[in-house]
Amino acid sequence: NAGVTQTPKFRILKIGQSMTLQCAQDMNHNYMYWYRQDPGMGLKLIYYSVGAGITDKGEVPNGYNVSRSTTEDFPLRLELAAPSQTSVYFCASSYGTGSSYEQYFGPGTRLTVT
Amino acid sequence: GNSVTQMEGPVTLSEEAFLTINCTYTATGYPSLFWYVQYPGEGLQLLLKATKADDKGSNKGFEATYRKETTSFHLEKGSVQVSDSAVYFCALSIPYNTDKLIFGTGTRLQVFP
């Protein structure tokens, strides 16, 4: 049971390039989330999904897109990278919502845009 | 709106010292409260939680009590170890409001032998 996995661990992009951050979970969780963590700041929710085929915006969705074609995978797409997107990105999943359901986090992807 | 405020770090302690990390919140409704821990190079892990006023969450020697009257959820540990060095995040969720987590800025704890 690998939990939540993310690839790549590190990436450097040039301004205007595109990339996809991969996230997968093997716990059969319905809910998945993408957060970004900026230095000295808490985590901010980018997008979330309540099941395959259903996604919704979080607090900071601009510049990102997501899709959820399967229960297991929840990729995050950056179309035109900007320096403001330099951050650490965390994917998380949970079986349900509510305080009874813990969110499980992946190890993160550190992205630098120059 | 809903928000979480944590004391700024880093908090630097010697091994076996007493730890307190302050956390206060602002929320509509009746939030659930959480402490997450992030060890170096890893993702966040749930440390403990409390879902209603006066509940005490505890795990691995850490404790926090949900205080509605002071809107606080301070993290405490009686005797810290070097292995407790990490970043600690206080968070809340509003039940039945999509339950998304709202995080504080995190507090770095450094414990020296």
Side-chain angles (χ1 to χ4, degrees), chain A residues 2-10 21 23-25 27 29-51 54-61 74 87-110, chain B residues 1-10 21 23-27 29-53 55 57 59 64 66 73 86-108:
Chain A
V4 180
T5 57
Q6 292 183 240
T7 56
K9 288 193 188 317
F10 305 93
L21 282 66
C23 173
Q25 53 90 9
M27 297 174 281
H29 285 172
N30 293 318
Y31 294 79
M32 296 188 75
Y33 314 83
W34 273 107
Y35 295 90
R36 59 177 287 172
Q37 182 184 24
D38 298 323
M41 306 290 288
L43 279 70
K44 303 287 187 186
L45 183 65
I46 306 171
Y47 270 95
Y48 67 100
S49 169
V50 302
I54 306 170
T55 63
D56 206 351
K57 295 177 181 178
E59 187 179 357
V60 290
F74 191 41
S87 189
V88 180
Y89 291 84
F90 289 101
C91 180
S93 72
S94 63
Y95 183 72
T97 61
S99 58
S100 298
Y101 298 104
E102 176 182 349
Q103 287 192 22
Y104 292 82
F105 285 78
T109 294
R110 184 176 296 275
Chain B
N2 302 311
S3 66
V4 175
T5 302
Q6 286 181 240
M7 63 187 289
E8 290 201 14
I21 300 178
C23 171
T24 57
Y25 67 89
T26 302
Y30 301 95
S32 295
L33 301 173
F34 307 82
W35 277 101
Y36 277 80
V37 58
Q38 183 180 26
Y39 297 104
E42 299 183 11
L44 280 71
Q45 304 172 26
L46 179 64
L47 181 60
L48 53 83
K49 67 181 182 185
T51 60
K52 61 183 187 295
D55 266 3
N59 186 24
Y66 188 145
F73 192 54
V87 181
Y88 292 82
F89 291 91
C90 187
L92 67 83
S93 71
I94 307 295
Y96 313 115
N97 185 20
T98 69
D99 296 297
K100 295 189 291 289
L101 286 171
I102 297 167
F103 287 88
T105 55
T107 301
R108 181 175 299 279

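By convention in this document, chain letters (A, B, ...) are assigned in the order of the sequence lines, proteins followed by strands, and residues within each chain are numbered from 1.
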Query - Contacting region of A:Q6 [heavy-atom separation from chain B under 4.5 Å] - result: neither

Query raised in the report: Based on non-hydrogen pairs under 4.5 Å, which of A:A92, A:G108, A:S94, A:P107 is most in contact with chain B?
Result: A:P107

Query raised in the report: Rounded to the nearest 0.5 Å, how far apart are CD1 of B:I102 and CD of A:E59?
Result: 7.5 Å

Query raised in the report: In terms of heavy-atom proximity below 4.5 Å to chain B, should A:L43 be classed as side chain, backbone, both, or neither?
Result: both

Query raised in the report: chain A: which of B:L46, B:V4, B:V87 shares the most heavy-atom pairs with it under 4.5 Å?
Result: B:L46

Query raised in the report: Are more than 12 heavy atoms from other residues, nucleotides or ligands located less than 6.0 Å from atom CD of B:E8?
Result: no

Query raised in the report: With a 4.5 Å limit on heavy-atom distance, are the side chains of A:Y35 and B:L101 in contact?
Result: yes

Query - Straight-line distance of A:Q37 CD to B:F103 CZ, nearest 0.5 Å - result: 9.0 Å

Query - B:Y39, OH atom: more than 12 neighbouring heavy atoms under 6.0 Å - result: yes

Requested in this report: Report the C-alpha distance between A:Q103 and B:Y36 in whole Å, list the side-chain angles of each, state the deciding distance to 0.1 Å, and finish with yes or no for side-chain contact (heavy atoms from CB on, under 4.5 Å).
Outcome: CA-CA 10 Å; A:Q103 287 192 22; B:Y36 277 80; 3.7 Å; yes

Requested in this report: Flag the pair A:F105 / B:Q38 as yes when at least one side-chain heavy-atom distance between them is below 4.5 Å, and no otherwise.
Outcome: no

